[in-house]
Amino acid sequence: MSRLLKCSIALGTSPLIIGTFIYSTWRLTRWQWLEMMGLMTILIGLIAFLSGAVCLTLHLKRESRTGRTSPLNALLVGGLLIANFPAAIFYTSSAIDISTRYTIRVYNDSDHQIESFMILGPGIETEIGPIPSGKKVVRHYYPTTDGYLRFTVRQHGLSFEGELEGYVTGGSEGDKTVRIREKGSFEIKDNLN
């Protein structure tokens with residue numbers, strides 16, 4: 001295998017591996033500095049793609065002069081270089097989706113079914129009940145405007161409400177867990193802090 005072809009493979013593989021590592025680590029940790037590293041990887045990946053394409057082109061020119069061309073190798077290496085683009089699009093769109101959604105987890109830790117669990121907020125008015133005893137429900141929302149985010153509950157003859165967030169903005173991230181206990185008591189936990 002020629003040095004130019006090896007260089008082209010390295011330039012195609014490196015951004016793919018680094019980008020996948022950064023995205024996976026960010027999903028686990030949510031460290032904000034990894035977001036900037038991801039953007040830098042995309043920019044460096046563009047340079048790597050162009051450099052890899054030049055190396056592949058030079059390799060093909062040399063091979064055609066010697067008469068030992070291998071179109072399969074060129075096709076595979078070209079595919080590797082191009083694979084960086086769908087990976088970057090997937091990682092970026094997934095990160096944007098996760099960073100702009102509000103996740104609400106509702107656990108029914110009581111002995112009675114929750115007949116109604118309404119979520120009320122900017123651009124959100126939805127029912128996620130009934131929730132049987134001992135079960136949980138997870139929903140993702142995308143606030144569209146600014147305002148409060150609260151919930152109302154009907155359970156075993158009781159009605160009560162609580163506040164998830166005093167102020168949310170459109171496109172803001174959030175992640176809350178609501179645990180419904182006995183006799184109208186509940187606990188709210190912020191999963192991002």
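For reference, positions follow the sequence shown, starting with 1. Side chains included, hydrogens not; waters and symmetry mates left out as well; all remaining heavy atoms used. A quick note: this is a predicted structure, and the numbers were derived from the prediction, not measured.
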[X] and [Y]: which non-hydrogen atoms are nearest, and at how many Å?
{"X": "F90", "Y": "S93", "answer": "O-OG, 3.2 Å"}
{"X": "Q113", "Y": "P130", "answer": "NE2-CB, 3.6 Å"}
{"X": "S64", "Y": "K61", "answer": "OG-O, 2.8 Å"}
{"X": "I82", "Y": "P86", "answer": "O-CD, 3.1 Å"}
{"X": "P122", "Y": "V168", "answer": "CG-CG2, 3.3 Å"}
{"X": "L4", "Y": "L58", "answer": "CD1-CB, 3.7 Å"}

Check: When you look at CZ of R62, are more than 12 heavy atoms from neighbouring residues, nucleotides or ligands closer to it than 6.0 Å?
Finding: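 No, because the 6.0 Å sphere around CZ of R62 holds 12 heavy atoms or fewer from other groups.
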Margin query: Please determine whether the number of non-hydrogen atoms from other residues, nucleotides or ligands lying under 6.0 Å from atom CD of Q32 exceeds 12.
Written below: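 Atom CD in Q32 is not crowded, with 12 or fewer foreign heavy atoms closer than 6.0 Å.
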Drop me the distance from [X]'s [atom1] to [Y]'s [atom2], to the nearest 0.5 angstrom.
{"X": "M37", "Y": "T25", "atom1": "CE", "atom2": "OG1", "result": "10.5 Å"}
{"X": "N84", "Y": "I42", "atom1": "CG", "atom2": "CD1", "result": "10.5 Å"}
{"X": "I18", "Y": "M40", "atom1": "CD1", "atom2": "CE", "result": "10.5 Å"}
{"X": "L81", "Y": "I9", "atom1": "CG", "atom2": "CD1", "result": "9.0 Å"}
{"X": "R150", "Y": "E165", "atom1": "CZ", "atom2": "CD", "result": "14.5 Å"}
{"X": "L120", "Y": "I124", "atom1": "CG", "atom2": "CD1", "result": "9.5 Å"}

Note to self: Do T177 and N191 pair up side chain to side chain, a donor and an acceptor below 3.5 Å, judged on atom types alone?
What the structure shows: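 On atom types as modelled, these side chains qualify, holding a pair under 3.5 Å.
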Notebook entry, point to check: Can you tell me if S110 and Q155 form a side-chain donor-acceptor pair at under 3.5 Å?
Noted result: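 Their side chains do contain a donor-acceptor pair, which is all the 3.5 Å distance test asks for.
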Check: Less than 4.0 Å between a side-chain N and a carboxylate O, is that true for D175 and R101?
Finding: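 Not counted as a salt bridge, because no side-chain N and carboxylate O are separated by less than 4.0 Å.
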Checklist line | Under-4.0 Å salt bridge between R154 and E127 | finding: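 The answer is no: the pair does not qualify as a salt bridge.
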Please confirm whether the backbone N or O of [Y] pairs with a side-chain atom of [X], one donor and one acceptor, at under 3.5 Å?
{"X": "S172", "Y": "T169", "value": "yes"}
{"X": "E182", "Y": "D111", "value": "yes"}
{"X": "N108", "Y": "I131", "value": "yes"}

Do you reckon [X] sits in the same ILVMFWY cluster as [Y], going by side-chain contacts under 4.5 Å, direct or chained?
{"X": "Y102", "Y": "Y107", "value": "no"}
{"X": "W33", "Y": "W26", "value": "yes"}
{"X": "I96", "Y": "W31", "value": "no"}
{"X": "L149", "Y": "F186", "value": "yes"}
{"X": "V178", "Y": "L158", "value": "yes"}

Notebook entry, point to check: Do any pairs count as a ring pair (Phe, Tyr, Trp, His ring centres under 6.0 Å) and have a residue in residues 121-146, sequence neighbours left out, and if so which ones?
Noted result: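 Qualifying pairs: none.
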Check: Going through the checks in order, is the side-chain contact (heavy atoms from CB on, under 4.5 Å) test met by K136 and R179?
Finding: CA-CA 9 Å; K136 79 170 183 177; R179 290 192 171 275; over 6 Å; no
Next item on the list: Evaluate the criterion side-chain contact (heavy atoms from CB on, under 4.5 Å) for residue pair C7 and H59; output intermediate values, then yes/no.
Entry: CA-CA 10 Å; C7 183; H59 167 76; over 6 Å; no
Check: If we only count heavy atoms from C-beta on, is the K176 to K189 side-chain gap below 4.5 Å?
Finding: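 Heavy-atom side-chain distance check fails, nothing below 4.5 Å.
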Notebook entry, point to check: By ring pair (Phe, Tyr, Trp, His ring centres under 6.0 Å), which residues pair with F117, not counting sequence neighbours?
Noted result: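 F117 satisfies ring pair (Phe, Tyr, Trp, His ring centres under 6.0 Å) with F151 only.
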Notebook entry, point to check: How far apart are the C-alpha atoms of F160 and I180, what are their side-chain angles, what is the distance that settles it, and do they pass the side-chain contact (heavy atoms from CB on, under 4.5 Å) test?
Noted result: CA-CA 11 Å; F160 54 97; I180 304 297; 4.0 Å; yes
Checklist line | Chi angles and distances behind the side-chain contact (heavy atoms from CB on, under 4.5 Å) call for S94, R27 | finding: CA-CA 10 Å; S94 175; R27 284 293 303 256; 3.8 Å; yes
